[in-house]
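Just below is one structure, and these are the notes that go with it.
Please read all numbers here as calculations on a predicted model, not as lab measurements.
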Amino acid sequence: MTRLIAFFCFAMAMLPAQAGKRLSLESPDGTLQVTVTVDECLTYNVCRDGQTVLADSPLSMTLEDGTVVGDRPRLAGTSRRSVSGRVPSPFYRATDIEERYNELTLRLKGGWSVEFRAYDDGVAYRWTSKVKKPYRVWTEQVDYRFPSDVQAIVPYVRNGGESGYEPQFFNSFENTYTEAPLSQLDGQRLMFLPLSVQLPGGTRVSITEAALEDYPGLYLNRSEKTNSLVGVFAPYPKRLKQGGHNNLQMLVEEREGYIARVDGPRAFPWRIAIVTMDDKDLAASNLSYLLAEPSRLDDTSWIKPGKVAWEWWNDWNLDGVDFQAGVNNDTYEAYIDFASEHGIEYVILDEGWAVNLKADLMQVVPSLDLPALVRYAASKHVGIILWAGYHAFARDMEQVCSHYAAMGVKGFKVDFMDRDDQQMTDFCRRAAETCAKYRLVLDLHGMYKPAGMNRTYPNVLNFEGVNGLEQLKWSPASHDQVEYDVQIPFLRQVAGPMDYTQGAMRNASKGNYFPCNSEPMSQGTRCRQLALYVVFDSPLNMLCDSPSNYMREPESLDFIASIPTVWDETLVLQGKMGEYIVTARRKGDVWYVGGITDWTARDIELDCSFLGNRTYRATLFRDGANAHRAGRDYKRETLQLDRDSKLKLHLAPGGGFALKLE
């Protein structure tokens, strides 16, 4: 019956329409069907095995001179192609990933085209233009029209919508998720991507974008029309002033009417709708990476992902030492010694190493001898990464990168961008290019979603845009990080790696958490924290807690220190959005498996058939018998597993497990 319905949907799409021309496109496996209609306007719809998942949804580009590309379009021709192969992904979740799609390109008169691609797990389209003269984009129509009042799970911009869109364009792209039918979403508030809706029958449609470069990022807003989400873009900044956090940001005081300046021929960002029936397939989707532009770096041999000993979350806390911990060489040398002893590749100097309120990265605080510190780290085979506020980095990017690369610094963590208008997306590209020129890795904190930038500039190892563990330094007890953790593998992580910063050694079971800036804690169990190093994608992965705390927990430390940050293979074995997830990753001949649950205790059976024809010695960290009362309680065991093994595991409320197989 399903195949019959799918055939009917396809056949109807092929019928000649009296009012316009219809063109069809199918995914390689035939599951997804796209119908593009060229009529008074340009629309497309998507079916999955005959079920409409996107109703006729219009798309257009409006230029400053009043031209509406897509309004009464005149078709100049079409072309098709099919692609099947593998894409290298050396600093991602696999060595390479499969790429299979069918493509339909509509060439419109006037130099514009629309490209549609159908993958087995989603559909994407983008505009391209061959127009050579400069022009300005007034707006782009992005309209997702659903067949009914579907259930949505969305991240709102934190700032409320009472004063219109403008205050919402200045935001950190961090928030928890709201679940509601489309009709009950707040029409005054912007939503950032990725977000997801669920149709009757279980099909999920998750929306994001890729190849976001020199163009504003996409927000969505509930339309006044029933069952629609429509695109909103931050207009181009006209007037800026320095301000914000420690004078390190540029605040938009006035904007232009248009959203983007275009100098000549270009491709615009991909609009992606991931379509899956099983949540674990959504968590495994690679469309954001696949739709990004290929790497622009000829040589990537110098790029070294790894783990980072980090001082900011634990407030530079050390105990058992004979000096006062803080922003000084003694403290950082202790962090370097810790990193060196345990094979941790980097130490970060977060905010505080440069003179405050100057927005000048050439002014180092008197308590630090930075060249000596970098030399000391090099002698211990540890790299130094420097934190930088956005404006301090942007105002003198070339000199800053040149100076610190010559000193021996290995990279920058740039923070507090907090915008994604065209000026800011262009800054991120320039930052990636300039860092690559000086062989510096880059962590873009205070940042919007990756949108595939990690493929185009693989020296950009990590991105924030996530409501990560840092929130537990100050969030009230009502904040639910445990539920958020089992949502983001299916939402935010679909867009790319996350600078979530896990690794807490103080672990609060349900009801025991409270905010503490100087000695912060996590919500949930110790094993949950270990599992996050497997469940989350993070090529530059922080050890957020104090070296003193780690050294009191040698078993946990040994597990974290040994874990890779990039992988040869990743499998999402089980999962349901907002409830639990189990992920397996392989590096060489070693497998790691991590699983986490929400506040519901859960029994999981791990099917080990993915292991192949080998027997493995397994080290298992599982929640202890009293982990529901004391989050730090865990049990470490060793056992043998092979492909026929079925491992039964009990996860405490807010719990998890971590498994290393050698």
Side-chain angles (χ1 to χ4, degrees), residues 27 32 83 86-94 96-101 103 115-126 142 144 153-155 173 191-197 204-220 231 267-276 279-296 420 425 428-429 432 444 447-458 460-466 487-500 535-539 566-567 570 572 577 583:
S27 61
L32 297 178
V83 169
R86 300 197 72 83
V87 168
S89 50
F91 306 108
Y92 188 45
R93 54 172 66 166
D96 53 59
I97 52 180
E98 184 181 32
E99 180 176 50
R100 285 205 320 156
Y101 63 85
E103 182 178 271
E115 299 174 8
F116 287 88
R117 288 186 186 175
Y119 296 78
D120 291 341
D121 64 340
V123 171
Y125 76 86
R126 71 173 174 183
V142 180
Y144 292 98
I153 177 166
V154 305
F173 305 91
M191 298 165 267
F192 57 91
L193 304 182
L195 57 77
S196 183
V197 305
R204 284 200 188 271
V205 182
S206 298
I207 299 168
T208 189
E209 62 182 335
L212 174 58
E213 185 172 307
D214 196 20
Y215 195 78
L218 172 65
Y219 298 91
L220 291 175
F268 292 87
W270 287 100
R271 311 289 169 221
I272 306 172
I274 303 167
V275 183
T276 59
D279 284 357
K280 68 181 177 62
D281 296 332
L282 171 57
S285 177
N286 294 310
L287 288 190
S288 182
Y289 190 93
L290 290 171
L291 286 160
E293 293 297 308
S295 174
R296 293 184 181 147
D420 68 347
T425 60
C428 292
R429 176 194 58 80
L444 289 171
M447 169 70 174
Y448 50 87
K449 62 196 169 299
M453 191 179 191
N454 51 312
R455 180 182 178 188
T456 310
Y457 293 99
V460 188
L461 293 175
N462 230 2
F463 306 78
E464 196 185 18
V466 64
Q487 293 171 325
I488 50 177
F490 309 92
L491 288 158
R492 163 61 183 84
Q493 188 165 277
V494 172
M498 306 186 300
D499 201 10
Y500 177 96
V535 173
F536 292 166
D537 291 326
S538 189
V566 295
W567 306 90
T570 293
V572 181
M577 185 187 295
T583 302

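- The shortest side-chain heavy-atom distance between Tyr92 and Ile97 falls under the 4.5 Å cut-off.
- The one candidate from Asp537, Val572, Val566 that meets the side chain to side chain contact (heavy atoms under 4.5 Å, CB included) condition with Arg93 is Asp537.
- The minimum heavy-atom distance between Leu282 and Thr276, with the atom names listed, is CB-OG1, 3.6 Å.
- In this structure, the side chain of Ser89 engages the main chain of Ala94 through a donor-acceptor pair within 3.5 Å.
- Side-chain contact between Thr425 and Tyr448 is present, with heavy atoms from C-beta onward closer than 4.5 Å.
- One finds the CD atom of Gln487 at 11.5 Å from the CG atom of Asp279 (value rounded to the nearest 0.5 Å).
- Side-chain atoms of Thr570 and Thr583, non-hydrogen and from C-beta on, do get closer than 4.5 Å to each other.
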* Determine, step by step, whether Asn462 and Ser538 satisfy the side-chain hydrogen bond (donor to acceptor under 3.5 Å, both in side chains) criterion, reporting the C-alpha distance in whole Å, the side-chain angles of both residues, the deciding distance to 0.1 Å, and the verdict. => CA-CA 6 Å; Asn462 230 2; Ser538 189; 2.9 Å; yes
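- Expressed to the nearest 0.5 Å, how far CD1 of Ile274 lies from OG of Ser288 amounts to 7.5 Å.
- Nearest heavy atom pair, residue Thr208 against residue Leu193, reads CA-CD1, 3.8 Å.
- Looking only at side-chain heavy atoms (C-beta outward), Gln493 and Phe536 come within less than 4.5 Å of each other.
- With contacts defined as side-chain heavy-atom distances shorter than 4.5 Å, the pair Pro88/Arg455 does not qualify.
- In this structure, the side chains of Phe463 and Met453 come closer than 4.5 Å at one or more pairs of heavy atoms.
- Summarising the geometry, atom OG belonging to Ser196 is positioned 8.0 Å from atom CD1 belonging to Ile207; distances are rounded to the nearest 0.5 Å.
- Judged as a ring pair (Phe, Tyr, Trp, His ring centres under 6.0 Å), and not counting sequence neighbours, Phe490 has no contacts.
- In terms of heavy-atom proximity, Asn454 sits nearest to Val460 at CB-O, 3.8 Å.
- A salt bridge between Arg126 and Glu103 is absent, with no side-chain N of the basic residue lying under 4.0 Å from a carboxylate O of the acidic one.
- Arg271 forms no cation-pi arrangement with Tyr125, by the criterion of a distance under 6.0 Å to the ring centre and an angle within 45° of the ring axis.
- Phe173 and Phe192 have perpendicular rings, their planes meeting at more than 60° on a 0 to 90° scale where under 30° would count as parallel.
- For the pair Arg100 and Val83, the minimum side-chain heavy-atom distance is 4.5 Å or more.
- The closest side-chain heavy-atom distance from Lys449 to Leu212 is below 4.5 Å.
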Item to complete: Tell me, with the steps shown, if Val275 and Asp121 meet side chain to side chain contact (heavy atoms under 4.5 Å, CB included).
Response: CA-CA 5 Å; Val275 183; Asp121 64 340; over 6 Å; no
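- For the atom pair Tyr289 OH and Glu99 CD, the distance stands at 11.0 Å (nearest 0.5 Å).
- Taking 4.0 Å as the cut-off between side-chain N and carboxylate O, Glu213 and Arg296 count as a salt-bridged pair.
- Atom CD in Glu115 sits 12.0 Å away from atom CZ in Phe268 (nearest 0.5 Å).
- Ser27 contributes no side-chain N or O that, together with a main-chain N or O of Asp120, makes up a donor-acceptor pair within less than 3.5 Å.
- Annotation for Leu195 and Met191: closest pair CD2-CB, 3.9 Å, computed over non-hydrogen atoms.
- For the residue pair Leu218 and Asp420, the shortest heavy atom distance occurs at N-OD2, 4.4 Å.
- Interatomic distance, Leu290 CG to Ser285 OG, rounded to the nearest 0.5 Å: 8.0 Å.
- Here the closest non-hydrogen pair linking Leu491 and Pro194 is O-CG, 3.3 Å.
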